[in-house]
Amino acid sequence: MDKQELAEKILELKKKKNAVILAHSYQDIEVQALADFTGDSLELSRKAAGTDADMIVFCGVDFMAESAKILSPDKKVLLPASEAKCPMARMADAEGLRELKKENPDAVVITYINSPAEVKAESDCICTSSNAVRIVEHYKDRKIIFAPDRNLGNYCKIMTGADMIIWDGYCYVHDEFSIGDIYIAKHEHPGCILLVHPEAPADVLEQADFIGSTSQITKFVEDNIADMDENAGVIIGTEVEIARILQLKFPNKRIYPLADHAVCLQMKKTSPDDVYNSLLNEKEEIFVSEEVRKKALKALNKMLELSK
Ligand code: SF4
């Protein structure tokens with residue numbers, strides 16, 4: 001099947017099964033082109049929950065499809081590439097978190113959305129990379145257990161001064177950014193400002209002109225790049241796909257990834273063929289037990305309440 005034929009078959013199946021296709025913004029551009037919605041994981045799950053679709057095809061990684069199931073228990077949720085599992089999410093485990101809670105009975109547990117459903121279920125409140133500082137700020141009068149991303153946790157600690165026990169997890173894509181990468185990028189692209197995701201290490205964040213989630217970085221570029229003159233531009237310190245997409249949107253502007261090594265291999269496991277096969281065979285279906293789902297939803301709703 002050629003690309004056009006495949007896209008038509010996917011559209012046909014999508015209509016027949018009343019499905020909605022979601023693609024995270026780190027997915028390959030050709031997968032994003034098949035989606036009804038693209039963006040951040042929680043934003044996508046909330047959009048899908050607001051549709052009357054019977055089925056959600058989530059082009060992303062495991063914890064994202066689980067979040068969609070938490071918000072849409074009556075919809076069938078499919079992960080097209082069953083092996084697409086986020087290594088950082090898998091660094092956290094519910095048993096370890098329960099132990100930590102036992103040792104710190106007065107602590108409040110804030111968990112990053114990039115975590116398994118069982119870990120979310122052990123938490124008082126969820127956060128995203130967009131609202132993590134705000135959520136930590138809200139609880140800063142108490143001791144805080146923060147999981148699983150150590151860099152995001154440290155960033156929140158620096159910004160709020162909160163007393164935090166931080167899980168030692170990390171996203172390899174962002175954790176591997178270094179001062180050396182910044183030196184090379186600034187040397188190769190003089191006049192450009194540096195935008196970095198808070199999953200990057202503290203010494204890299206210190207050099208950034210703007211720190212924000214993927215959607216905040218995207219918005220910053222969309223809002224400001226038109227006013228930049230030809231000698232200015234942006235260096236994007238997050239997964240390489242974001243710089244590629246922004247460059248397509250603004251072909252005449254200077255937009256560069258901070259480093260070519262910032263590729264999430266798990267996000268690139270989904271192909272258009274996988275999307276087709278997933279819709280056709282209704283696989284890989286994601287299940288979350290009702291007990292876990294309800295607890296995780298409570299923590300997620302707490303975050304939504306505090307983000308108003
Ligand atoms: S970019 Fe990082 S946090 Fe996101 S899915 Fe890949 S490994 Fe996980």
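Computed from heavy atoms alone, side chains included, the values below leave out hydrogens, waters and symmetry copies. Just follow the structure's listing: the first ligand is 1, and inside any ligand the first atom is 1.
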So that I can check it, does any N, O or S atom in Cys264 come closer than 2.8 Å to atom 6 (Fe) of ligand 1?
yes

Could you check whether Gln266 and Tyr172, counting side-chain N and O atoms only, form a donor-acceptor pair closer than 3.5 Å?
yes

Which residue and non-hydrogen atom of the protein lie closest to atom 2 (Fe) of ligand 1, and at what distance in Å?
Cys171 SG, 2.3 Å

Close-contact set for ligand 1 against Tyr26 heavy atoms, below 4.0 Å:
1 (S)

Assess whether a salt bridge exists between Arg90 and Asp62, defined as any Lys/Arg side-chain N lying under 4.0 Å from an Asp/Glu carboxylate O.
yes

Quick test of your reading of the model: are Glu66 and Arg293 salt-bridged, counting only N-O distances below 4.0 Å?
no

What do you reckon, is OH of Tyr183 surrounded by more than 12 foreign heavy atoms closer than 6.0 Å?
no

How far is atom 7 (S) of ligand 1 from its nearest protein heavy atom, and which residue and atom is that?
Pro87 CD, 3.6 Å

2.8 Å cut-off met by an N, O or S atom of Cys86 to atom 2 (Fe) of ligand 1:
no

So which heavy atom in the protein is nearest atom 3 (S) of ligand 1, and how far is it from that ligand atom?
Asn114 ND2, 3.4 Å

Taking everything shown except Glu5 itself, do over 12 heavy atoms lie less than 6.0 Å from its CD?
yes

